[in-house]
Asker: 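Here it is, the structure in full.
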Amino acid sequence: MVSGLINENPTVYERKERRVRTDSTNSDEFSVEPIDQLEIFDILFFDFAFINSFFFLTEDSVEVDDLKSYVRVTFTPTVEHCSMATIIGLSVRVKLMRSLPPRYKIDIRVAPGSHATEAALNKQLNDKERVAAALENPNLVEMVDECLSPSFE
Amino acid sequence: MAAPSQLTEHLETFVDVTRSPTHHADSLKAIVASLEKGVLSINQLVVEMDMYLTTTDDVVRARGILLLAEILNHLKSKPLDNAVVHSLIGFFTAKLAEWRSVRGALAGCLALIKRKDVAGVVTATDAEAVAKSMAQYVQVQSLALHDRKVCFELLECLLEQYPEAMINLGDLIVYATSEAIDGEKDPPCLMVAFHTVELLARLFPSPSGPVASMASDLFELISCYFPLHYTHTKGDEASIPREDLSRGLSLAISSTPFFEPYAIPLLLEKLSSSLPVAKVDSLKCLKDCVMKYGVNRMKKHYEDIWSAIKDALYSSTGTDMSFGLESLTSTGFEMDEIHREAVNLLQTLVKQDVSFVGLIVDDTRVNMVFDTISRYLRYEEMPDTSKLEVLVVSQILSVSARASVESCNMIFETFFFRLMNTLGIVEKTSTGDLVHKENSTVSTRLYHGGLHLCIELLTATRDIISSSEECSSTPGCAQQSWCSIVNRFSVSLIEAFTSAVQSSSDDCSADAYLGVKGLLAMGMFWGGSSPVSRSEFEKILTTLTSLITAKSAKTVKWELALKALVCMGSFIDQYHESEKALSYMGIVVETLVSLVCSNHCSLPYPMILEATSEVCSTSPKYVEKMVQGFEEAFCSSFSDFYVNGNPKSIENCPQLLECVTNKLLPRVTEIDGLGKMLVHFAISMWNQIESSVVFSNDVTGRDFVEAAMKTMRQIVGVALVDSQNSIIQKAYNVISSSTLPAMKSIPLTFAALEGLQRDLSTRDELILSLFASVIIGASPKASIPDVKSLIKLFLVSFLKGYIPAAQALGSMVNKLGTGSGGTNISNNCSLEEACDIIFHESFASGNDISSDDSSKTKCGSETVLAKICLGFDGSLDLQTRAITGLAWIGKGLLMRGDGRVNEIALVLMECLKSTNSSGNALHPSAMKHAADAFLILMSDSGECLNRKFHAVIRPLYKQRFFSITVPILESLIVNSQTPLSRRMLHVALAHVISNVPVTVVLDNTKKLLPLILEGLSVLSVDSVDKETLFSLLLVLSGTLTDIKGQQSVSDNAHRIIECLVKLTSYPHLMVVRETGIQCLATLLELPHGRIYPFRREVLQAVTKALDDPKRRVREEAIKCREACCTAHHYTFTVKDVPYKKLCSTKKILTVNGQFPGQTLKAYKGDTIYVNVRNRASENITMHWHGVEQPRNPWSDGPEYITQCPIRPGSDFLYKVIFSIEDTTVWWHAHSSWTRATVHGLIFVYPRPPKSLPFPKADHEVPLILGEWWKKDVRKVVKLFTRTGGDPNVSDALTINGHPGFLYPCSKSDTFELKVEKTKTYRIRMVNAAMNLILFFAIAKHNLAVVAADGHYTKPLNATYITISPGQTLDLLLHADQNPKRTYYMAARAYHSNPVINFNNSTTIGILRYTSSKCTKTSSSSKRYPKLPYYNDTSAAFSFFTNITSLYSGQAPVKISRRIISTVSINLLMCPNNSCEGPNGSRLAASMNNISFVTPSHVDILKAYYYHIKGVYGTRFPEFPPLVFNFTAEDQPLFLQTPRLATEVKMIKYGEALEIVLQGTSLVGGGIDHPMHLHGFSFYVVGVGFGNYNVSEDPSNYNLEDPPYRNTVTVPINGWVAIRFIADNPGVWFMHCHFDRHLSWGMNVVFIVKNGRGRNQQILPPPPDLPPCYYNSIV
């Protein structure tokens, strides 16, 4: 058994300044504001403020199509064999499931080439049944909730 | 008090260390009080205390001395006899030698030394003795923290108050102090220690004194702290902020010059440290040293210090400069702390000694800058290094120049010429001509760095002037050399700056900035001998002004120039520079004002206005000029418009007027005479209108009219009454000469009014509007001519549709006749008359002229205007206008509190009915206007009738109107016939409700909430009402968040949720959806049971809202969804509330004011959070009885076992984790006996889709059995703990808090359960009694036990039940008896020991069938239940043993450890057999002969978790220490005495334990014991009577389906065996649930250690865990 941390000296990414929404003066009562990249990012940003320093997740890694009800989030684990990648991916998924309308199809994946078991991980994260099964496991749910609890506490 | 016995009692209490600190404090307070009252004298007290002060028992003596000291500390201001003080101080001084009582001795000395200004002060000789004794005996560093602090305070006090005595001591005191400080680490002590060093230094200033001789040692002691490094967390309240301590240290270091040889090198060394804090501290300390040590001592360090300062400045200065507006008057770059301190140090040095400047002058780096600046022309070109050099050098120079006049001179003499040379600027010759150097023009050499340096130096000199002027009245700057130098170069400097500004392009802000800043610097010299002459000053002004006028767009340069001008303007005004003011007026103000008038300027008009108003606002004189200019401009463009019909000319007027209203009017109170000018402005407006009779153009801009009205209203509003009068007069003249008066004669007949249209000419309309504005703004005291005809004019006008007329009429009605003084008599019209005109008279006169007979008859009735409103006659247009007009008039009346408004309100409400009184249907539009009229009535209007316009406002007028109208509207709604009228009524009601202050709504939530909800659903139908809907929704959200509204909100929860769920999809207004969702989120915080049933609905609605088209709604939905899914929160506010029971009222401790407390509800496996807020006067903790709290002992609750108590005023959030609990558990307080009234049930439900293993009942009935004392329970506890006897037995038993009719005064205070025939009821029951096992039964009804202690049991039919304190049962009750009869339920004690007193009364509840038609039940038909007799042990235990677990095979078969413990009552000996237990002894209780002593400072969990030693022992025996026949009838006396100790049992994680509890017959023959274990449920595998036999009894265990419980009853003289797996790590209490036994010590603590796995460890402690007080000596 190897003791010690997997990632003792993590690369801490400099956090990018959040782009502030500029078209907020939209005063038309009946205009539709579709769910966009920034909104998805905002949903994730508050909960993953801490994690975000370690798992590079930027606005650009979010693809969203409101009309087709499709969102894809690509994140980059810091080390190739990061064991937390699954739980992070699951948390991102759970957060989006809770925050987006049910019509959305959510696709979570790790950035190509950033993880040793990339294919397996992607499959795992997007297998509906496996996600559902994972969320039946109270220990896992607790961990996900811990990840999602606001970082200011 | 003074009765000696009482005094002794208090003394005893204080001396007894086992008592709690609060008891100590109480007794101390009592003694002090009697001393202060004079009942007791100090002498008497000392005599009384003699025994305690001299006893050989160390502990008692120490406490006694401490008590005396504490008493003296409280009596600091009480005069005492000198002799007494002398003997006391002598006593304490002597006691200092004794280490055991040193705490008391120190405190006593301090208390006495601190006395001052009262009779009885310690003499100097005594003080000397104290100091000597202290130096000799007290080893400060070996004492505890608190004592050390007292030592230092004592030293401090001695040094401060007895300097002579201390000087006598000489070396001794210095030695003593330094010894005391050596090794000190605690901040509060150090703080005092540093001060003592300072005092010592002050005391011994002589070079041959002890401080001088010991300086090196002393410095070593204190210098080791420098720089202070703090490891304390910031939130630590007890500690001292780092800044304070560091300041103290700095003062200590700088306290005496003798430290200089050691201090300065040390500080310089630390300054080179890389730690920013060290740098800052060193700089601060150096500054102190420079001031204290004196120039001579410091001189030798100058060079080192100078280089250190330089380093600090270079390293801390950033190269980024800001060229923004705000930096125009400041340094222009950010300073960090190091920088600031370095600058401070430099300034101090130069101030102290000018010769320091020499170092700067000779410095090569500084000199080098002057050579390098000429390399770069523009800011952008400069590399960072060069920018840095310039910035730092400019800082150094300006700071040293600022320090003093001499230094300024030196700096200027050395550097300014060089600077000028570099810049290529040459001197002004004596004749004033300029001699240009050959081949050089000024502009070619504008080096940015040079300019910057120049400006910094110039601003520095300005500061010099102001500081020197302040101290000496003669302005002497002219004589100073710097002044003459500046003077010589002033012309060229100004030229240079000017060209810098002008040459720069717009985008290059840096140069423009410098230019403007330079000009500003030059323009801000003041005083007669300023180095800048007037002509030069004017040049500056001209340059800046031209900058402003030349531009056509807003640029940075423009703004900079404007700001500079404003700065100069206010500067001139501040220093009363009359000459310069003239120039300013001539050059700046007049130019700008002429621009306003001329109208032909490239500059956009708003910019002109902005510049003018900004500049002119600097002085009243300019304002005058400006107003004149504005007037002129207005008049010219107005007349141009009317005469020439030029529509363009009026375009600027609204802007001009806006500028007047927004910029000038708010400043009327600040600027003298402005009011008058504005009045003049208003009158000339009227003049203009008057003269412009000819109208060539009929198109008046709407915004012009509005701006004019606004300006006119406000000018009148702020004007004095006299001026108002003149404006009114003028306006009246205009109006009477216009065509308007013709309208006055319009007959007010329907025929005439029918023909009315909005037919006024533009001019007339303007006049009318403006006149209305004048009337609106006028104060009640102003006189209005010809009121009656004006009223008529307005009346006609508003019927024609001119709203301002209605507003003016409302204002008139509001103010009429209320002004004091004679002026308003000339009005010739009282309110009565006015109302008469409005409502009746004018119509009557109109009728005479009218030829229409039909109208005549109709108008004969009373309120004629009202008839129009109601649509009896006239067109719809007329009707709506009349309604709106009526609303304004009503508003005027309403605000002055006039009763007539009620009639108006009635008329308006009449309009809202679907048909009027004569049966005609009202038009929807009229109804809508009537509904909106309520908005006019209730809302605050910005346009008229507010405080600004002198409206008469009666306090609470809205509330009054609210209380009158709401009931009427309510009944109208109930009776409304058509949906339309219902809707309109709701709109009206919504207007009333949403405009009344929220507090009013909150007071009436019960009544209003249904109305609001109905209103919301009615209004949500039509999109027209969206705004009204929104304001009503806001009212609702206000009630949700307020505590006052909470009760009714919780009652109406389902309706509110239903309504809000609908609103989350309201399509017409986004904010409605948003607020609706917010409200839902708020509602989720309501008690769980109320909301839980609706969770699904809420979730669905919110999930739908996740797909809302609007982003903000989606965001709220996400938040709400999260709140919906996460754990549930409750708030428990613990407070005292009076309750009346058994004929008397007493205050009891409650949660949220309820007794018994609220029921919590949760699903199996939930986690809930309960925030306990202690707002009572005693400590409290909360325990969740039967909740296992896996891994979370922190929230378990027993006082001093798992937590220190929550102190009064503080809060603690309990996290209650449900795990295996299935049915009913409960919560109660767990400190002292507070649980007597602080308890409630917890209902646990199976988590869907799981269901109950028994048929679902139709209803659930909470049932709490309790005990009630007439006396305060606290007193009961106090009494029996003091006397050592049995506690008083309770006075009553209760069911759900009701004693039942068998008790006195309790006829109506009887619990009643109404049941329906054939239905099933699930009784969820707990025995919350303090000291009684109870029998309970219901007449004629069988009870089916389905669960016990939170776990399912096999169903057991019983005619009665036995329930021990702490146990819970779930019983099914089938209402299957004759419904015509009434049945009683009853509970009374099971008590097996005849020797012990107990409460043998019976509590009765009623079971009544509701379907019973029989109105009267005869007494014979009532049924009492049969209960077993009090001592029927076999009945009690046959019930217990019949209970079996629902599941089989769960109990541990193999065990790893068996613990056998006796549970026993004991006796403790009392001195002189003075206690009230048997034979004068004190009652106690024990397990394995150890009577548990509860820790009093730290709880065991904290001690275990943080490894605090000495709190508990770990040697609880696994076997009784002495085996004897435990249940024999006679027991030898020696067995009765237990050992007092705090012993715990350590258990490994996962052990399978068996605990056998063996009752004994010691003391009185024994009794049953309900034993409760925290943190676990256990299987009761065996019960038996007599002694437990290890070899035989286990074979008879029930290991198949033993009951699974958390509280088990040990039978009298018998035993029980329980088994469980210790898989819950933590500190778990086990105790007898008879609270008297718990108080006596029948307790033990199990500590289950952590396991290896991640889920086998104690959770981390919560952040808000109540703190413990280690050194609590109150």
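Labels below follow one simple rule: chain letters A, B, ... track the order of the sequence lines, proteins then strands, and each chain is numbered from 1. No experiment lies behind these values; they were computed from the predicted model shown.
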Asker: Give a yes or no on this: more than 12 heavy atoms of other residues, nucleotides or ligands lie within 6.0 Å of atom NZ of Lys1104(B).
Answerer: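 It does not: Lys1104(B) NZ has 12 such atoms or fewer within range.
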Asker: Would you say Arg72(A) has more than 12 foreign heavy atoms packed within less than 6.0 Å of its CZ?
Answerer: yes
Asker: Given a strict heavy-atom distance threshold of 4.5 Å, which part of Ile1118(B) is in contact with chain A: side chain, backbone, both, or neither?
Answerer: side chain
Asker: Start with the C-alpha gap between Asp36(A) and Arg1111(B), add the side-chain angles, then the distance that decides, and say whether side-chain contact (heavy atoms from CB on, under 4.5 Å) holds.
Answerer: CA-CA 10 Å; Asp36(A) 61 5; Arg1111(B) 193 166 286 120; 3.4 Å; yes
Asker: Ignoring hydrogens and geometry, is there a side-chain-to-backbone donor-acceptor pair from Lys1110(B) to Ser31(A) under 3.5 Å?
Answerer: yes
Asker: Could you tell me the separation between the OH atom of Tyr104(A) and the CG atom of Leu1106(B), rounded to the nearest 0.5 Å?
Answerer: 11.0 Å
Asker: Is Glu39(A) paired with Arg1114(B) through a side-chain N to carboxylate O contact shorter than 4.0 Å?
Answerer: yes
Asker: Within the 4.5 Å heavy-atom criterion, are Thr1103(B) and Pro102(A) side-chain neighbours or not?
Answerer: yes
